[in-house]
Amino acid sequence: MLQNTEDQSQKSVASSSLEGQSNDDSFENIWQELKWRGLVHVSTDESELEQVLSGAPITYYCGFDPTAPSLHLGNLVQLLTMRRLQLAGHHPLGLVGGSTGMVGDPRPTAERSMNTKETIAEWVGYLQGQVARFLSFEGDNAARMVNNLDWTAPMSAIDFLRDIGKHFRVGTMIKKDNVASRLSSDEGISYAEFSYQILQGMDYLELHRQYGCLLQTGGSDQWGNLTSGTELIRKVEGKQVHAFGTPLITNSDGTKFGKSEGNAIWLDPNMCSPFSMYQFWLNSADADVIKLLKVFTFKKRDEIEALAAAVEDRPHAREAQRVLAFYVTSLVHGEEATQKVIDASGALFGKADLGLLDEATLVAATSEVTRVVVDREELSVLNLLVASKLAGSLSAARRTVGDGGAYVNNVKIADPDSVIDDTDLLHGRYLLLRRGKRTLAVIEVEA
RNA sequence: GGCAGAUUACCCGAGUGGCCAAAGGGGGCUGACUGUAAAUCAGCUGGCAUCGCCUUCACUGGUUCGAAUCCAGUAUCUGCCA
């Protein structure tokens, strides 16, 4: 069950997609660039941290807990921040939380449901691979992957309480935001989740001792956990180490960032297709797109400022959205997959008559879209909406048609009882099904 | 361990025997207008064989012609006491 972190990091040697990434040398130092990109929300002593980051290479870390089989866009902010620091010459430690994932970081709302140790171990493996893809494992400041289970699992409860627990004051612990909000809620908080901050503090101490780690980064919601580490190290080692938290990325209209169709945008292509990811970025609001370019790309300041001007002058052209969508989708899924997605988007959202596309083009264009094979007997529009998951149930499908939101081959369907006949099939076996303006699925009819 | 309270649909939250598939809000979906944007306005938002039927108000059982509502037990959470 225990993942060997050495093996993992070697297996996931950085891909060529890291080539061409660099920081913007028009900034005085990396700290200034991070601030310009809006990546610093809170930090330990800022002038000191800026000095540390401007000096000789240091070792820093950021952790990812296995709460799902994949990382998502929120984690991508951290991954890219790590990469920026690496490009500035510092040594990254990519931590996957084999132990912390078993305990659960307290969410403000409710206790986390526990997953089995087997599941967590499996997810740890997936996350290690994903984290590794965004860091370079070559050169003077090669990244290293670590798993906190390696130093947590062998520790006895008594050692934990004496060596670590003794340094934590409950009064301080219950004041941390996540804990405090849970304590004042009806839900309360379990001792396990309450202890989470100690585990994360211990991680930082361990990495400080083992690798001389001097900086931890994370989301600003992690601030309490970040400082629990800096405080522990100060008490135990008498050393001042650093941490900073990136802001929570928000949408200007107040909705949650990083969701599409109610689902998180995952980095795993099996959980969120490159097509969906591209569409997600392309649909960014004008008010958000520049901020997103700063956070999610390595585009330089002058390029981003030019795009900001483009948004002002010709918003309908959506140049910034296109750059953002191409850039980030390429970063996560590679340029080749992204180019296919762009071609598909052109074909599917364009004005072209689908019947005029030759079969090869159609198949290529739709290769990234949800594809469902159905039996020839099942060709009612309502069935197809359900089979393709465009509608959650027959009732929902009926509503969609009633709302005027169902299209077959870009033609609106008015009658809920419509049945597809052979003449509607493209190349004798394909149908393009759409719900609303932009949710697509391809139906392939079994001969 | 004792006492008191809570548990309603994706979330918050009304409902204290029939008029309850369950008010209201949030979120979400769809439409109109647009630029596959935002804002605005409108409709929808348990399931199905859709003018009807079925399953839901923590769980199990009971009272009743009839229960989200009453009773008993169980679970989980919260508070106070020990």
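Throughout, protein chains are lettered first and strands after them, A, B, ... in sequence-line order, and every chain is numbered starting at 1. What you see is a predicted model; the values in this text were computed from it and never measured.
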Peer 1: Output, in order, the C-alpha distance, side-chain angles, deciding distance and verdict of ring-ring contact (aromatic ring centres under 6.0 Å, His included) for F244(A) and W31(A).
Peer 2: CA-CA 11 Å; F244(A) 76 84; W31(A) 184 248; 5.4 Å; yes
Peer 1: Rounded off to whole Å, could you give me the CG-to-C1' distance for the D403(A) and rU30(B) pair?
Peer 2: 4 Å
Peer 1: Are R83(A) and F134(A) in a cation-pi setup, meaning NZ or CZ lies under 6.0 angstrom from the ring centre and within 45 degrees of the ring axis?
Peer 2: no
Peer 1: Tell me: CZ of R435(A) to P of rU30(B), nearest whole Å?
Peer 2: 4 Å
Peer 1: Taking atom P in both rA21(B) and rG13(B), what distance in whole Å separates the two?
Peer 2: 24 Å
Peer 1: Determine whether Y407(A) and L433(A) make a side-chain contact, defined as any pair of heavy atoms from C-beta on separated by less than 4.5 Å.
Peer 2: no
Peer 1: Scan for ring-ring contact (aromatic ring centres under 6.0 Å, His included) pairs involving residues 314-343 of chain A, sequence neighbours excluded, and state none if there are none.
Peer 2: none
Peer 1: Verify the contact: side-chain N or O of Y407(A) to OP1 or OP2 of rU30(B), cut-off strictly under 4.0 Å; return yes or no.
Peer 2: no
Peer 1: Just to be sure I understand the rule, does D286(A) reach a base, reach only the sugar-phosphate, or reach nothing, if contact means heavy atoms closer than 4.0 Å?
Peer 2: base
Peer 1: Given that both distances must come in under 3.5 Å, which nucleotide forms a Watson-Crick or G-U wobble pair with rA38(B)?
Peer 2: none
Peer 1: Specify the separation, in whole Å, of atom CG of L282(A) and atom P of rU34(B).
Peer 2: 20 Å
Peer 1: Could K299(A) and E305(A) be called an ion pair, given the rule that one side-chain N must be under 4.0 Å from one carboxylate O?
Peer 2: no
Peer 1: Please check the phosphate of rG35(B) (OP1 and OP2 only) for any side-chain N or O of R314(A) closer than 4.0 Å.
Peer 2: no
Peer 1: Can you tell me the distance, in whole Å, between the CZ atom of R182(A) and the C1' atom of rC77(B)?
Peer 2: 11 Å
Peer 1: Where along nucleotides 47-53 of chain B does protein come under 4.0 Å, by heavy atom, of base (B) or sugar-phosphate alone (S), with - for untouched nucleotides?
Peer 2: SBSB---
Peer 1: From CD of Q321(A) over to P of rA38(B), roughly how many Å is that when rounded to an integer?
Peer 2: 10 Å
Peer 1: If we take the P atom in both rU55(B) and rA38(B), what is their distance in whole Å?
Peer 2: 42 Å
Peer 1: Suppose we screen for ring-ring contact (aromatic ring centres under 6.0 Å, His included). Which residues come up paired with Y196(A), at least two apart in sequence or across chains?
Peer 2: none
